[in-house]
Amino acid sequence: MITVHNTLTGQKEPFTPKEPGKVRMYVCGPTVYSYIHIGNARTFTAFDVVARYLRYRGFDLTYVRNFTDVDDKIINAAKETGEEPVQLAQRYIDAFREDAKALHLIEPDVSPKVSDHIPEIVALIQKLVDRGVAYESQGDVYFQVSKYPQYAKLSKRNLDELRAGERVQPGEQKREPLDFALWKAAKPGEPAWDSPWGKGRPGWHIECSAMSAKYLGEDFDLHGGGLDLIFPHHENEIAQSEAATQKPFCRYWMHCGFLDLEGAKMSKSLGNVVRLRDALQRVDPEALRFFFLSTHYRNPLSFSEKSLADAETRMEYFYETLRRVDERAGGKDFGKGPLHGDPEQFVRDFERAMDDDFNVPGAFAALSGLFALMNELLDKPPVKDKAVIGRTLQALREVTRKFATVLGLLEDDPHDWLMRRRERLIAQKGIDRAKVEALIAERAAARAAKNFEEADRVRETLKAMGVEIMDTPAGTTWKVQA
RNA sequence: GGCGCCAUAGCCAAGUGGUAAGGCAAGGGUCUGCAAAACCCUCAUUCCCCGGUUCAAAUCCGGGUGGCGCCUCCA
């Protein structure tokens, strides 16, 4: 039984989708006016793991994540670049797809764009107008909040307080301050579509109501997004959808906590926004995922170079272990027979943590135990029987594959991953590979001649260059110190 | 001001009534010509503070203190 912290109730609840065995999930995707930053990436990674785990648990999942490609910010950005807004939006949709792939995010089943769903949006607005909860005013259409008594049930705000703080923007034609735009009359040069209220474009919130209804139905199971979307975006979605359909909208609302930069908020005005694609130049994608997942999704997460380096060191441990396991036991036949211990115990621990509101940090404990045991079997086997060790290593390796599928980690070939990381570090530190190899050969000669003083001197020289050498039965290998 | 979140070892971080997961760092050990890697051991009588409820609280309640988010575009 999976439990989920539901923002609607503020509590952890048993997760029971409307239709048994089937989950319909909607995650608010990016507004494509620029590249996504690492905060966006954290949220998308969190829901990526939610989606993966629901599938792992056997649910038939329909996963929708939209692109908001019609919006004020896009129009403004396009003014600066001189592009057409649609063209700029498409450029950033393409960029997002690249970023998402690089971060190992699974593809949603549907990635709808606002610009492809104007008819659905217009129809939904019309329905709200017909029901008398929305009104036209000089080419704009507004949702009348006072007509929806349950307004603010998600964010639990006091309506009077909200009214006191609300200001009507110049040019807006609202009856009441809290009313929000469903449709905005076109201004010259802006993208516009025909509607019963004249040329215009959708307001911000309506697209999610229209598109989720189209692909998931009017009442679906899970809706996700960043913490900041609770108000007003999700609040407004609920109001629009429920006012239109006269039935409860989404049943479970999940919100991901913020990522900050060592305590400081990431914001454009501070000039400290870290783009995902820039971060991925410096750190391995899986290490970045590991970092995102190292704190529970609802808690704040603090980004720093140190935390990134730590994550990568941990990934190196995992991959180094897997490389050795594959070398020892990969593709071999150890026959049938008993195992050492119970590999399934790790699966049970993993699932118990994940079932509890997707507690990935808790699941990492199971992962740690699994890797410690693999290393123990490799280096200090507690049993003598080589077949038992081999079979157990293979079984444990299979368990890591299960976890990998859920976490989107450790999906690479271990050898490839380690080599790629080494290449990146060599490039970053500007290490002269030929010189390293020459020094290692020099040292090998010294060792062969039992001249250990000389050998140690070479080791020190390499160390000063940032290169660490390891003597193995197969010869001396080296790696770059992170 | 309103709403909400958070406060656990040097650091990161789980744990929402039954007596403190996991990781990093550190110290000791095994292994090694020396190292590295790996493994083993040690590392919070205690969970921001003060009260209360309970046989029992990091966990529930009340009151503080400190940090943060939203209330305006924001993942």
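Quick caveat: nothing in here was measured; it's all calculated off a predicted structure. So you know, we letter chains A, B, ... as the sequences are listed, proteins then strands, and number each from 1.
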Student check: side-chain heavy atoms of A/Val50 and A/Met254 closer than 4.5 Å
yes
If we take the C1' atom in both B/C11 and B/C73, what is their distance in whole Å?
35 Å
Expressed as a whole number of Å, how far does the P atom of B/C12 sit from that of B/C48?
14 Å
If you check every side-chain atom of A/Lys12, which of B/C39, B/U16, B/G22 has the closest atom?
B/U16
What are the two closest heavy atoms between A/Leu373 and A/Phe346, and how far apart are they?
CD2-CE1, 3.8 Å
Look through every strand shown and name the nucleotide pairing with B/U19 as Watson-Crick or G-U wobble, where both distances are under 3.5 Å.
none
B/A75 to B/C70 separation - C1' atoms, rounded to the nearest Å:
13 Å
Under 4.0 Å, heavy atoms only, any strand: does A/Gly225 hit a base, just the sugar-phosphate, or nothing?
sugar-phosphate
Pairwise C1' distance, B/G17 and B/U54 [rounded to whole Å]
9 Å
Aromatic A/Phe44 / basic A/Arg65 pairing, under 6.0 angstrom, 45° off normal:
yes
By nearest-nucleotide position on RNA chain B, the 5'-leaning member of A/His205 and A/Phe371 is A/Phe371
Given B/G69, B/G33, B/C24, the nucleotide with the shortest approach to the side chain of A/Asp310
B/C24
Give every residue pair that meets the salt bridge (charged side-chain N to carboxylate O under 4.0 Å, His left out) criterion with at least one member in residues 472-482 of chain A, sequence neighbours excluded.
A/Glu316-A/Lys479
Tell me whether A/Gln481 at atom CD has more than 12 heavy atoms from other residues, nucleotides or ligands lying less than 6.0 Å away.
yes
Sorted by chain and number, sequence neighbours left out, side chain to side chain donor-acceptor pair (under 3.5 Å) with A/Thr31 holds for none
My understanding is that a pair needs two contacts under 3.5 Å, Watson-Crick or G-U wobble. By that rule, which nucleotide pairs with B/C34?
none
Please pick, from B/C24, B/G15, B/G69, the nucleotide with the shortest atom-to-atom distance to any side-chain atom of A/Leu227.
B/G69
Taking the six-membered ring of A/Trp417, is the NZ or CZ of A/Arg323 close enough (under 6.0 Å from the centre) and on axis enough (within 45°)?
no
Determine which pairs satisfy salt bridge (charged side-chain N to carboxylate O under 4.0 Å, His left out) with at least one residue from residues 149-159 of chain A, sequence neighbours left out, and list them in order.
A/Lys153-A/Glu242
Quick test: give all pairs of protein nitrogen or oxygen and nucleotides 27-32 of chain B nitrogen or oxygen below 3.5 Å, distance rounded to 0.1 Å.
from: B/U30; atom 1: O2; to: A/Lys380; atom 2: NZ; distance (Å): 2.6

is_close_aromatic(A/His234, A/Phe231), centroid dist under 6.0 Å
no
May I ask which nucleotide in the shown strands pairs with B/A58, Watson-Crick or G-U wobble, both distances under 3.5 Å?
none
Residue A/Asn375, side-chain heavy atoms: nucleotide from B/C24, B/C70, B/C39 that is nearest
B/C39
Given the ring of A/Tyr33, does A/Lys73 sit roughly above its face, with NZ or CZ under 6.0 Å from the centre of the six-membered ring and within 45° of the axis?
yes
Heavy-atom nearest pair, A/Ile206 first then A/Pro202, reads CG2-CB, 3.8 Å
If you take the centroid of each ring, where Trp contributes its six-membered ring, are A/Phe303 and A/Phe258 closer together than 6.0 Å?
no
Provide the distance between the two C1' atoms, one in B/A26 and one in B/A58, to the nearest whole Å.
26 Å
Of B/A75, B/A21, B/C70, the nucleotide closest to the side chain of A/Phe231 is B/C70
What integer number of Å spans the P atoms of B/A56 and B/G18?
14 Å
Is the A/Tyr252 to A/His223 ring centre distance short of 6.0 Å?
no
If the C1' atom of B/A9 is compared with that of B/U46, how far apart are they to the nearest Å?
10 Å
Mate of B/C3 across any strand shown (Watson-Crick or G-U wobble, both atom pairs under 3.5 Å) is B/G69
Got a list of protein N/O to nucleotides 7-12 of chain B N/O distances below 3.5 Å?
none

Both distances below 3.5 Å, Watson-Crick or wobble geometry, any strand: find the nucleotide opposite B/A14.
none
Once you apply a heavy-atom cut-off of 4.0 Å, does A/His296 come out as touching a base, just sugar-phosphate, or nothing?
sugar-phosphate
Looking only at atom types and distance, does a side-chain atom of A/Tyr319 sit under 3.5 Å from a main-chain N or O of A/Asp412, one as donor and one as acceptor?
yes
Proximity to RNA chain B (any heavy atom under 4.0 Å), residues of residues 73-80 of chain A only:
A/Lys73
When rounded to the nearest Å, what value does the distance between P atoms of B/U65 and B/G27 take?
41 Å
Could you run down the sub-3.5 Å N/O contacts of the protein with nucleotides 59-62 of chain B?
none

For nucleotides 34-37 of chain B, tabulate all protein N/O to nucleotide N/O atom pairs closer than 3.5 Å, reporting atom names and distance.
from: B/C34; atom 1: O2; to: A/Asp456; atom 2: OD1; distance (Å): 3.2
from: B/C34; atom 1: O2; to: A/Arg459; atom 2: NE; distance (Å): 3.2
from: B/C34; atom 1: N3; to: A/Arg459; atom 2: NH2; distance (Å): 2.8
from: B/C34; atom 1: N4; to: A/Asp471; atom 2: OD2; distance (Å): 2.7
from: B/A35; atom 1: N6; to: A/Asp471; atom 2: O; distance (Å): 3.3
from: B/A35; atom 1: N1; to: A/Asp471; atom 2: N; distance (Å): 2.9
from: B/A35; atom 1: N3; to: A/Arg459; atom 2: NH1; distance (Å): 3.3
from: B/A35; atom 1: N3; to: A/Arg459; atom 2: NH2; distance (Å): 2.9

Please work out if A/Leu259 contacts a base, only the sugar-phosphate, or nothing of the nucleic acid, heavy-atom cut-off 4.0 Å.
base
Contacts satisfying salt bridge (charged side-chain N to carboxylate O under 4.0 Å, His left out) that involve residues 4-13 of chain A (not counting sequence neighbours) are A/Lys12-A/Asp356
Taking pairing as Watson-Crick or G-U wobble with both contacts under 3.5 Å, can you name the mate of B/A44, or confirm there isn't one?
none
Not counting sequence neighbours, which residues clear side chain to side chain donor-acceptor pair (under 3.5 Å) with A/Asn76? List them please.
none
In terms of side-chain heavy atoms of A/Pro361, which of B/A75, B/A14, B/C70 is nearest?
B/A14
Given the rule in the side-chain hydrogen bond (donor to acceptor under 3.5 Å, both in side chains) test, do A/Asp357 and A/Tyr297 qualify, once you have shown the distances and angles that lead to the verdict?
CA-CA 9 Å; A/Asp357 195 25; A/Tyr297 76 90; 2.7 Å; yes
Counting only N and O atoms by type, is there a donor-acceptor contact under 3.5 Å from the side chain of A/Ser307 to the main-chain atoms of A/Ser304?
yes
For nucleotides 2-5 of chain B, list the nitrogen or oxygen atoms of the protein found under 3.5 Å from its nitrogen or oxygen atoms, one pair per line.
from: B/G2; atom 1: N2; to: A/Arg157; atom 2: NH1; distance (Å): 2.8
from: B/C3; atom 1: O2'; to: A/Ser155; atom 2: O; distance (Å): 3.1
from: B/C3; atom 1: O2'; to: A/Lys156; atom 2: O; distance (Å): 3.2

Take the angle between the ring planes of A/Tyr317 and A/Phe371 and call it parallel below 30°, perpendicular above 60°, tilted in between.
tilted
Considering every strand and a 4.0 Å limit on heavy-atom distances, what is the contact class for A/Ala366: base, sugar-phosphate, or nothing?
nothing
Which class fits the ring pair A/Phe220 and A/Phe249: parallel under 30°, tilted 30 to 60°, perpendicular over 60°?
perpendicular
I want to verify a distance call: between B/C39, B/A75, B/U16, whose nearest atom is closest to the A/Glu376 side chain?
B/C39
Residues which pass salt bridge (Lys or Arg N to Asp or Glu O under 4.0 Å) with A/Asp228, listed by chain and number, not counting sequence neighbours:
none
